[in-house]
*Asks:* 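Handing you a structure now.
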2 protein chains.
Amino acid sequence: MKNITWDAYQIFLAVARHGGLTGAAQAHALSPATVGRRVLDLEQGIGRQLFVRSQTGYRLTADGQALFEQLQAMDAVVRKVDGWRQEAHGASVVRLMAGTWVTWLVCENIQAIWSERDGFRLDMSVSERRATLAHRESDIGVRAVAPEEPHLASRHTGDVAYAAYRQRNAPAGLSSALLAVSEEDAISPYLRWPHEQGEVSIAVIVSRPRSLLDLARAGAGQAVLPCFVGDLDPGLERVGEELKQLRHGQWIVTNSEDRHRREIRTVSERLFRLVKSHADLFAGKRPSRSL
Amino acid sequence: MKNITWDAYQIFLAVARHGGLTGAAQAHALSPATVGRRVLDLEQGIGRQLFVRSQTGYRLTADGQALFEQLQAMDAVVRKVDGWRQEAHGASVVRLMAGTWVTWLVCENIQAIWSERDGFRLDMSVSERRATLAHRESDIGVRAVAPEEPHLASRHTGDVAYAAYRQRNAPAGLSSALLAVSEEDAISPYLRWPHEQGEVSIAVIVSRPRSLLDLARAGAGQAVLPCFVGDLDPGLERVGEELKQLRHGQWIVTNSEDRHRREIRTVSERLFRLVKSHADLFAGKRPSRSL
DNA sequence: AGTATGTCTTTCATTTATGAAAAACATAAC
DNA sequence: GTTATGTTTTTCATAAATGAAAGACATACT
């Protein structure tokens, strides 16, 4: 019986979990080619077929399923060891500051930003006003303006577009009134906009922008939202065209002192990739509603 | 936190077990150079020193010990998977876990438990503590207490008695000091007993109970041993009567999931008969010295 | 029907890991 | 003391594993 190295099991588990080579490869910072070869070697070593291959991915055979279940226990041990490892590291924290909607996007895609395996905690906080990275209150910020401060490093992620949204297939005669955030909380231009449309009445006023989404979905009226939020929500539809005057750029900003810290680089890079992968949605190009 | 590949743990385990690079390297068909580098990488990745290096070998640090113990469970899973792998080749594995002395008895009477004609392999491992039986993943265990776990089936085999033994016909004035296992390894009551006899001095301390027998036979002092061990050894004789406070029952335990497997039933039954046939010896009734 | 997207697989240059041998070093034996 | 043995560590040429890119092939979308 051939000797099988343990990382073969590790890779097998990843493929089984992700249902394919590409996902598993990304998760382990390997190429699909390598993962495919390793799985092949494992099957060869065990002498049974573990997966049925198709163009759409890998699916477990009965034998594969049996192995998969046994290896769960192995993974559990590793998770426990990971916990033990973190004890020493003093469990560092990465503080991420962003607006309501980027925070929302991150929460919806948290697995793309952070996993339990990471050796750090994620501390997300919402701030509508310009993120105050200056005083090192957060490690990574998302901003609507390019930073002038010399000690801040930034990466441009593209544009953010806005439009008005209302409940999809709303009954005729549904309120066309606007939903708004109270004037003293309306700092960003898109939140001030409803207050500047003199002739249209404002139906409901809330203190948190997040509530606008819930209200619009419930049919309370029209809300101005970033397109990547509105277009992603199957319960909403646009009213009119993009509000071009609200469009702005977006930057991911890090304090250049701490930028070298590995976990900060990691989160920053993942965040960048996440936003980039939604770039079209951010820019208001019409929806592909796959989240 | 760096990602650590599982084979790093595998290599760590090998080094810890063999106490050095060369042994571990041979066991895994690697070169000492490679093993050394991998261990270095692992320590780097974990951020703690795992071994103290010397020209004579590698010894675990406290951190290393902690990791070592956690990884035992990982190794257990692999052994189980190995068993599963062999099923394909027709040859399955029966894993038997028992204490030092039952294991010894089985080894002395291996032909009563297993022969080459049997279509399975026997995987025996020694464990003094009871708790490990649960996650060490063995098929058959021998315990000193009746299991409470509902998924374990058990058969009572009788009582086990203990007494002190020394070299037979020892020269007068031979050391009457006690032989003991180091206190941190002394889990079972009979191993703790020497440490609890305040007035008598302990002559030699070893880490493995098995060594007690060799020491006593060599005339190093008195050792507390199960009667079925001491009475069976022609080179030993009892000192005093049975130590009644150490007497306990004994159960053969099988996981009720796998209990139906034929080879497990077979081994379990043979083991039961073997122990039963030595029942008088186990119980401390005076020796019939036929092995 | 045709296009686009996402997957796996293959190929080949490159990077990485590895082993053999020598060196350095303790310990044990004499 | 001195030698011998067994260990770890270093060095460097070699072998093995890897990734990037291109190809092949289904599936989903328009």
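Every chain is numbered from 1, with letters handed out A, B, ... down the list of sequences.
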*Asks:* Would one find a side-chain N or O of A:T22 under 4.0 angstrom from OP1 or OP2 of C:dC8?
*Replies:* yes
*Asks:* Kindly point out which of C:dA26, C:dT9, C:dT7 is positioned nearest to the side chain of B:Q55?
*Replies:* C:dA26
*Asks:* Do A:L60 and A:F12 have side chains that approach each other closer than 4.5 Å (heavy atoms only, starting at C-beta)?
*Replies:* yes
*Asks:* A:F51 CZ to C:dT9 P: how many Å, rounded?
*Replies:* 11 Å
*Asks:* Looking at side-chain heavy atoms only, is the closest gap between A:M74 and A:Q10 below 4.5 Å?
*Replies:* no
*Asks:* Would you mind telling me which residue lines up with the more 5' stretch of DNA chain D, A:T56 or B:Y58, judged by nearest nucleotide?
*Replies:* B:Y58
*Asks:* Check the pair A:R155 / A:E269 against salt bridge (Lys or Arg N to Asp or Glu O under 4.0 Å), numbers first and verdict last.
*Replies:* CA-CA 10 Å; A:R155 299 176 75 179; A:E269 177 60 27; 2.9 Å; yes
*Asks:* Hey, where on DNA chain D does chain A first and last touch, going 5' to 3'? Cut-off is any atom under 4.0 Å from a heavy atom.
*Replies:* D:dT18 to D:dA26
*Asks:* Is it true that the NZ or CZ of B:R79 lies under 6.0 Å from the centre of B:W84's six-membered ring and within 45 degrees of the ring axis?
*Replies:* no
*Asks:* How far does CD of B:Q44 sit from CZ of B:R38, to the nearest 0.5 angstrom?
*Replies:* 14.0 Å
*Asks:* Please state how far atom CZ in A:R59 lies from atom P in C:dC8, giving the value in whole angstrom units.
*Replies:* 13 Å
*Asks:* Would you call A:D63 and A:I46 a side-chain contact if the rule is heavy atoms closer than 4.5 Å?
*Replies:* no
*Asks:* Take atom CG of A:L30 and atom P of C:dT15, then tell me their distance rounded to the nearest Å.
*Replies:* 18 Å
*Asks:* Roughly how many Å is it from NE2 in A:H18 to P in C:dT7, rounded to a whole number?
*Replies:* 12 Å
*Asks:* Using a cut-off of 4.0 Å on non-hydrogen atoms, how would the nucleic acid contact of B:G36 be classed: base, sugar-phosphate, or nothing?
*Replies:* nothing
*Asks:* Think B:T34 has a side-chain N or O under 4.0 angstrom from the OP1 or OP2 of C:dT18?
*Replies:* no
*Asks:* Rounded to the Å, how far apart are B:L21 CG and C:dA20 C1'?
*Replies:* 16 Å
*Asks:* Atom CZ of B:R37 to atom P of C:dA20: distance rounded to whole Å?
*Replies:* 12 Å
*Asks:* Verify the neighbour count for atom CZ of A:R17: are there more than 12 heavy atoms of other residues, nucleotides or ligands below 6.0 Å?
*Replies:* yes
*Asks:* Contact class for B:A29 vs. all strands (heavy atom < 4.0 Å): base, sugar-phosphate, or nothing?
*Replies:* sugar-phosphate
